[in-house]
Amino acid sequence: MSRSDVALETPVQARTEAPEARPAAFGFQNVVGQSPSIRRAVALGVKVAEHPTTTVLIHGATGTGKELVARGIHYASTNAGEPFVAINCSAIPENLLESELFGHEKGAFTDAHTQKRGLLELAGRGTVFLDEISELPPNLQPKLLRVLEEKRVRRLGGLEEREIACRVIAATNRDLAQAVAEGHFREDLFYRLNVFRIELPHLRSRGDDIDNLARYFAETICREQGLPPKHLTVEALVVLREHGWPGNIRELKNAIERAIILSDKDRIEPAHIMIQQRSSVPAAVAAESRQVAGTIRIPSQGITLDEVERQLIAVTLQLADNNQTLAARMLGISRPTVIRKIRKYRLQE
Ligand SMILES: Nc1ncnc2c1ncn2[C@@H]1O[C@H](COP(=O)(O)OP(=O)(O)OP(=O)(O)O)[C@@H](O)[C@H]1O
Ligand SMILES: [Mg+2]
């Protein structure tokens, strides 16, 4: 996806899209997928886009599309013509991040040879995307809170308060509530950011979307590289569905790009799909299983075998994020058997 960066007064750390950047390249129409969880996330994005000053918090694992959705919100809003500025809170040293965000006056510190406006000012009525917000240094957390509360910013070394009008969209792959509980993130800032929250699902919980996304990437990557179309064989799709996708959509996209390079034919076969093989149960699922384990209880009056089976399948599906293939593998039974039992116990409507 091409990205038009413009050099404003900011150095390289922040990416600022020109107001004339084409919304078509970044809008919600680029969010592929029909699973209810992704459609729900997009519907929330469309809704909040109509409120161009509301703060948004996007939560999702790596590669689930947080930045894509943030852009979708920006370009669907009435302020789409204003800048979209992205900055990664974990990638920049603390003092630099502070002057990037809030700006500084000439002479505010040794290297401040000129005055500089911060991103919150430069974004105008556009969007500032604060990626990896959980890594915002503790010292800057109360400063950001103040700016968000008062909609005013004071440059470093400056006296004057200036009004700001941008929307802030923050993203995190960490559980912020947990970071608050552990004392790494301020509770008041968490509540201020958590006004409108959008959850992005793991790819492995998105069922048929693996097929939809794989086909979409095969088509778009071939087109971008000027290659004749290559279609995915049924067998290749089975291999893709079996994988746990810890890197989510980014990992899938890269796998398809690799497969396109490896395939000399007009189709992509299992042999072209090189993905890191993991243990039979993906690591993320194994980690979650520790939390959910022990949920089957046997009451003193006893329990029927059917009820134990119902609970076991329900818990396994939960661990597998409703991925029936993975659940079948975890239970050592076939996928049709899992599907039959899901129907029998009415576990998925
Ligand atoms: N639903 C989707 N449809 C099409 N492409 C998608 C979708 N979700 C993500 N992508 C693509 O996958 C890649 C990763 O998405 P993105 O950078 O938005 O993820 P992220 O959640 O910000 O990841 P990270 O946490 O690693 O920063 C991008 O190339 C993006 O365009
Ligand atoms: Mg990102």
Side-chain angles (χ1 to χ4, degrees), residues 1-5 13-17 21-46 49 56-76 84-92 127-136 168-176 179 193 197-225 232 240 243 245-260 275-276 284 321:
M1 192 176 281
S2 74
R3 176 182 279 161
S4 55
D5 290 348
Q13 284 88 0
R15 290 169 285 128
T16 304
E17 255 145 39
R22 293 144 304 150
F26 298 122
F28 280 125
Q29 69 278 8
N30 297 299
V31 182
V32 175
Q34 290 308 321
S35 61
S37 50
I38 193 69
R39 285 297 111 201
R40 200 161 42 240
V42 169
L44 287 170
V46 168
V56 181
L57 179 63
I58 304 177
H59 177 242
T62 181
T64 46
K66 296 184 290 295
E67 186 160 343
L68 189 69
V69 168
R71 281 173 204 283
I73 294 171
H74 174 77
Y75 288 106
F84 175 93
V85 189
I87 189 159
N88 187 321
C89 300
S90 74
I92 306 176
T127 302
V128 175
F129 177 60
L130 299 178
D131 206 359
E132 299 206 37
I133 190 72
S134 61
E135 306 312 306
L136 188 69
V168 168
I169 302 182
T172 179
N173 55 23
R174 283 188 59 188
D175 180 347
L176 266 196
L193 292 171
R197 183 188 178 97
I198 299 180
E199 289 288 336
L200 290 183
H202 276 282
L203 180 56
R204 69 183 137 83
S205 72
R206 288 175 53 180
D208 292 347
D209 279 355
I210 295 180
D211 295 20
N212 296 331
L213 280 156
R215 290 201 187 94
Y216 167 78
F217 289 133
E219 192 188 313
T220 50
I221 294 169
C222 283
R223 193 165 19 145
E224 275 167 20
Q225 298 194 358
L232 285 139
L240 295 176
H243 187 55
W245 301 111
N248 291 292
I249 298 157
R250 180 180 296 108
E251 186 190 2
L252 175 63
K253 187 177 179 181
N254 293 339
I256 299 295
E257 182 163 357
R258 249 191 324 270
I260 288 172
I275 36 189
Q276 182 139 21
D321 275 334

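Numbering starts at 1 and runs along the sequence shown. Indexing begins at 1, ligand by ligand and atom by atom, following the structure's order.
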| said: I'd like the name of whichever of R250, E132, E251, Q29 reaches closest to atom 27 (O) of ligand 1 through any heavy atom. | reply: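 Of the listed residues, R250 has the closest heavy atom.
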*Between N30 and ligand 1, which residue portion shows a heavy-atom distance shorter than 4.0 Å: side chain, backbone, both, or neither?*
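Only the backbone of N30 comes within reach of ligand 1.
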Using a heavy-atom cut-off of under 4.0 Å, does the side chain or the backbone of F129 touch ligand 1, or both, or neither?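 The answer is neither; F129 stays 4.0 Å or more away.
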Closer than 4.0 Å to some heavy atom of [X] - which atoms of ligand 1 meet that?
{"X": "E67", "answer": "18 (O), 22 (O)"}
{"X": "K253", "answer": "29 (O)"}
{"X": "L213", "answer": "2 (C), 3 (N), 4 (C)"}
{"X": "F217", "answer": "5 (N)"}

Using distance alone, determine whether [X] and ligand 1 share an N or O pair under 3.5 Å.
{"X": "I38", "result": "no"}
{"X": "N173", "result": "no"}
{"X": "V31", "result": "no"}
{"X": "I249", "result": "no"}

For D211, side chain to side chain donor-acceptor pair (under 3.5 Å) partners two or more places apart: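 With sequence neighbours excluded, D211 shows a side chain to side chain donor-acceptor pair (under 3.5 Å) to R241, given in chain and number order.
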| message | Checking E199 now: which residues fulfil side chain to side chain donor-acceptor pair (under 3.5 Å) with it, not counting sequence neighbours? | response |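 By the side chain to side chain donor-acceptor pair (under 3.5 Å) rule, E199 matches H59, R197.
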Subject >> More than 12 heavy atoms of other groups within 6.0 Å of D208 CG >> reply: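 No, CG of D208 has 12 or fewer neighbouring heavy atoms, counting only those of other groups under 6.0 Å.
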message = If the contact criterion is a heavy-atom separation under 4.0 Å, does G63 count as touching ligand 1?
response =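 Contact check G63 vs ligand 1: positive.
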Is the side chain of T172 donor-acceptor paired with the backbone N or O of R174 at a distance under 3.5 Å, no angle test?
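Yes: the side chain of T172 pairs with the backbone of R174.
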Rounded to the nearest 0.5 Å, what separates atom CD in E67 from atom CG in L200?
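Reported to 0.5 Å precision, the distance equals 12.0 Å.
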